[in-house]
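Being a predicted model, the structure only gives us computed values, none of them experimental.
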Amino acid sequence: MTRTCRTAGLLLVSAVLAACSGDPDLDLTVRTAVAGGDVTVEYTLANQSETPVVLYDGGWTDPQQPGWSRGPMEVSVRDDGVIELAKRIIHPCQTPDTSDCGGAREPTERIRGSVLEPGASSSGSFRVPLQVEPDHPASAQRTPIPLAGRKVVFCIGFTEVTDDNPPAAAGLYPPASPQTILCGEPFEVP
């Protein structure tokens, strides 16, 4: 299936994007503001396609470790220096070398996902301090990074629901689950 990729322009701190190249037709709107020492990110994702998608938007949990969880938003320093604020699968156990996840062949951690039906939308917001400690890569952990003057981008992970890729009964997905990433336009924090 071929279709034209649509992108709307950036209006100060608002970006509207559509998934491209055969992916489900998703429109992501992102608004940002800086106030009181925090960056606030508000987003809405609308499913304009005819197929449901799973959004990886609920954070990590481990069914074998009751009470353990990790928030739904992670901070990554990209190779290009952009700071990514993400709700998506970022996990060392996604690779064949599982040494970074304790050598486990089958990691027990799961990310929570929610199904977004055709024609529906999902909104959320979160705040990040102007000085963050990245979750990824591991070499950047425990190293505070000021966001002022840096480019920051919001990204969310999703997968299309198909017969071969149905939604998980408990809404929990393993780190190797299929994922497409949709990002807003990078913005520079004043």
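In terms of heavy atoms, G58 sits closest to P72 at C-CB, 3.8 Å. For the residue pair S123 and T44, the shortest heavy atom distance occurs at OG-OG1, 2.9 Å. Closest non-hydrogen pair, V161 versus P166, comes out as CG1-CA, 4.3 Å. Of all non-hydrogen atoms in P118 and S49, the two that sit nearest each other are CB-O, 3.2 Å.
Residues passing the side chain to side chain contact (heavy atoms under 4.5 Å, CB included) test with A148: none are found, sequence neighbours excluded. Not a single side-chain hydrogen bond (donor to acceptor under 3.5 Å, both in side chains) links S69 to another residue, sequence neighbours left out. Residues satisfying the salt bridge (charged side-chain N to carboxylate O under 4.0 Å, His left out) criterion with E74, sequence neighbours excluded, are R70. With sequence neighbours left out, the side chain to side chain contact (heavy atoms under 4.5 Å, CB included) criterion links V152 to I83, L85, L147, F187, V189. Applying the salt bridge (charged side-chain N to carboxylate O under 4.0 Å, His left out) rule to R127 yields the partners D38; only residues at least two apart in sequence or on another chain are considered. Evaluation of the salt bridge (charged side-chain N to carboxylate O under 4.0 Å, His left out) rule for E188 yields no partner, not counting sequence neighbours. Residues forming a side-chain hydrogen bond (donor to acceptor under 3.5 Å, both in side chains) with T162 (at least two apart in sequence, or on another chain): none. For S114, the side-chain hydrogen bond (donor to acceptor under 3.5 Å, both in side chains) partners two or more places apart in sequence, or in a different chain, are D57. In terms of the side chain to side chain contact (heavy atoms under 4.5 Å, CB included) criterion, residue partners of P134 (sequence neighbours excluded) are, by chain and number, V75, V77, A140, I145. When the side chain to side chain contact (heavy atoms under 4.5 Å, CB included) test is applied to P144, the partners found at least two apart in sequence or on another chain are Q131, E133.
A disulfide bond (SG atoms under 2.5 Å apart) check over residues 112-169, counting only residues at least two apart or in different chains, returns the pairs C155-C183. Sorted by first and then second residue, the pairs that involve residues 26-57 and meet ring pair (Phe, Tyr, Trp, His ring centres under 6.0 Å), not counting sequence neighbours, are Y43-F154, Y56-Y173.
One distance of note links CZ of R112 with CH2 of W60; it measures 11.0 Å at 0.5 Å rounding. Taking CD of E109 as the start and CD of Q64 as the end, the distance is 9.0 Å to the nearest 0.5 Å. Taken to the nearest 0.5 Å, the CG atom of D25 stands 10.0 Å off from the CD atom of E50. Taken to the nearest 0.5 Å, the OG atom of S122 stands 6.5 Å off from the CD1 atom of I156.
The backbone N or O of I89 sits less than 3.5 Å from a side-chain atom of Q179, completing a donor-acceptor pair. Side-chain N or O atoms of S76 include none that pairs as donor or acceptor with a backbone N or O of R78 at under 3.5 Å. With hydrogens and angles disregarded, no donor-acceptor distance shorter than 3.5 Å links the side chain of D27 to the backbone of Q48. In this structure a side-chain-to-backbone donor-acceptor pair under 3.5 Å is present from N47 to T51.
Linking Ile, Leu, Val, Met, Phe, Trp and Tyr whenever their side-chain heavy atoms come within less than 4.5 Å leaves L55 and L172 in two separate clusters.
Taking 4.5 Å as the limit, some side-chain heavy atom of V34 sits within range of a side-chain heavy atom of L130. Contact annotation: the side chain of V41 never approaches that of R31 to less than 4.5 Å [non-hydrogen atoms, C-beta and beyond]. Using a 4.5 Å heavy-atom cutoff, the side chains of L26 and V53 are in contact. Counting only heavy atoms from C-beta outward, the side chains of P63 and R110 approach each other to under 4.5 Å. Residues V30 and L28 have side chains in contact (heavy-atom distance under 4.5 Å, counting atoms from C-beta outward). Side-chain contact between K87 and F126 is present, with at least one heavy-atom pair separated by less than 4.5 Å.
Q65 CD: more than 12 foreign heavy atoms inside a 6.0 Å radius.
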